[in-house]
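The structure appears right after this line, and notes come after that.
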Amino acid sequence: MKIVSWNINSVRFRIAIVEQFLREQAPDILCLQETKVIDDDFPFEMFRSLGYDHVVIHGQRMHHGVAILSRVPITLDDRFDWQANREARHVGVALPNGVRLENVYVPAGGDVPDREVNPKFGQKLDFVERMTRWSEGLSGPTILVGDFNIAPLPEDVWSHKQLLDVVSHTPIEVDALGRLQAAGDWVDLGRRFHPAPKRLHTWWSYRAKDWAASDRGRRLDHMWATQDVAAQAVAHTVFEDCRGWLKPSDHVPIMTEFAW
DNA sequence: ATGTCCTGCAGAGCAGGA
């Protein structure tokens, strides 16, 4: 079973690269973030043509939006609103083997890492805090994937020193993410298969002239699993090449393969 | 400090978000 997570930055605008990726890698399940489309306008057809008949989406106008597309049946349909502001940032399902799959898009948090000056930063911290409370109450095998918008380790960014004050890598965010990870005893699958100090990045800004040459990446996208599920994981891949595709997302897909 | 990219509105370039 191969499960992929990808912040696609508009699923309609990037439908061609999504199709290319699905044809090349043939994951069983694809979790998307930033679909940027209301549910009625979701481009179901391409997914259906490739066998992704089981779809649970949670979209909204313009921003955010998450989706789970699957070749295996998925049941349930949770949509948590940890900010209580009706933003579409989570969708959760159950797989046939009983494993829960939770797909989340954590707020980016604005530019200034100070909640007094920048309310969005406070909202991001509050969002992660509420996820932590939720995580404490979870039971059973679970996979948590998505764009967490936080790069926790020094090796998760191109320069630890230069990003200490940059939203996504500040100590206050890293601490908050650490509390979330501890609350669920979550295993970071990316780092389980590619331990630090190996460089592991999933996002490169659009603003660089040449993303590969400057290579100022960050690991904002994650796959976590409870211990029982993590024991079944056999491989984890970051598809860095996708950043160089035509009309790319600024994020690349990440994939974990499980033994079942 | 700057850079770019997407959506929606409107019917062209902006605002807003990332």
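Reckoned from all heavy atoms, side chains included, excluding hydrogens, waters and symmetry mates. So that the names make sense, note that chain A is the first sequence line, chain B the second, and so on, each numbered from 1.
In terms of modelled atom types and a separation under 3.5 Å, the side chain of A:T170 and the main chain of A:S168 share no donor-acceptor contact. A donor-acceptor contact shorter than 3.5 Å is absent between the side chain of A:E155 and the backbone of A:K198.
Regarding A:N9, its CG atom lies at a distance of 19 Å from the P atom of B:dG16, rounded to whole Å. Separating the NZ atom of A:K124 from the P atom of B:dG17 is a distance of 16 Å, rounded to the nearest angstrom. The nearest whole Å value for the distance from the CG atom in A:N7 to the P atom in B:dG17 is 17 Å. Distance NZ (A:K209) to C1' (B:dC5): 17 Å, rounded to an integer number of Å. What separates CG of A:N149 from C1' of B:dG17 is a distance of 12 Å, to the nearest Å. Distance, A:H251 NE2 to B:dC5 P: 15 Å, rounded to whole Å. When rounded to the nearest whole Å, the span between NE2 of A:H64 and C1' of B:dG17 equals 8 Å. To the nearest angstrom, P of B:dG3 lies 17 Å from CG of A:D250.
Summary of the strand contacts: A:I38 and A:D111 both lie near DNA chain B, and taking for each the nucleotide with the nearest heavy atom, the more 5' one is attributed to A:I38. Of the two residues near DNA chain B, A:R89 and A:F13, the one whose nearest nucleotide lies more 5' is A:F13.
Atom P of B:dC6 sits at a distance of 22 Å from the matching atom of B:dT2, rounded to the whole Å. Between the C1' atoms of B:dA1 and B:dA12, the separation comes to 28 Å (whole Å). Atom name P, nucleotides B:dG16 and B:dA10: the rounded distance is 15 Å, in whole Å.
In this structure, the nucleotide among B:dA18, B:dT4, B:dT7 sitting nearest to the side chain of A:R12 is B:dT7. When distances are taken from the side chain of A:R207 to each of B:dC6, B:dA18, B:dG8, the shortest belongs to B:dA18. With B:dG8, B:dC6, B:dT4 as the choices, the nucleotide that has an atom nearest any side-chain atom of A:R61 turns out to be B:dG8. In the set B:dG16, B:dC6, B:dG8, the nucleotide with an atom closest to the side chain of A:H63 is B:dG16.
If you check the side chains of A:D28 and A:Y52, you find no donor sitting under 3.5 Å from an acceptor. Side-chain contact check for A:T202 and A:D221: at least one donor-acceptor pair (N or O, by modelled atom type) lies under 3.5 Å.
OP1 or OP2 of B:dC5 has not a single side-chain nitrogen or oxygen of A:K247 nearer than 4.0 Å. The phosphate of B:dC6 has OP1 or OP2 within less than 4.0 Å of a side-chain N or O from A:R14.
Figure legend: cation-pi geometry between A:R218 and A:W203 absent, as NZ or CZ is not positioned both under 6.0 Å from the six-membered ring centre and within 45° of its axis.
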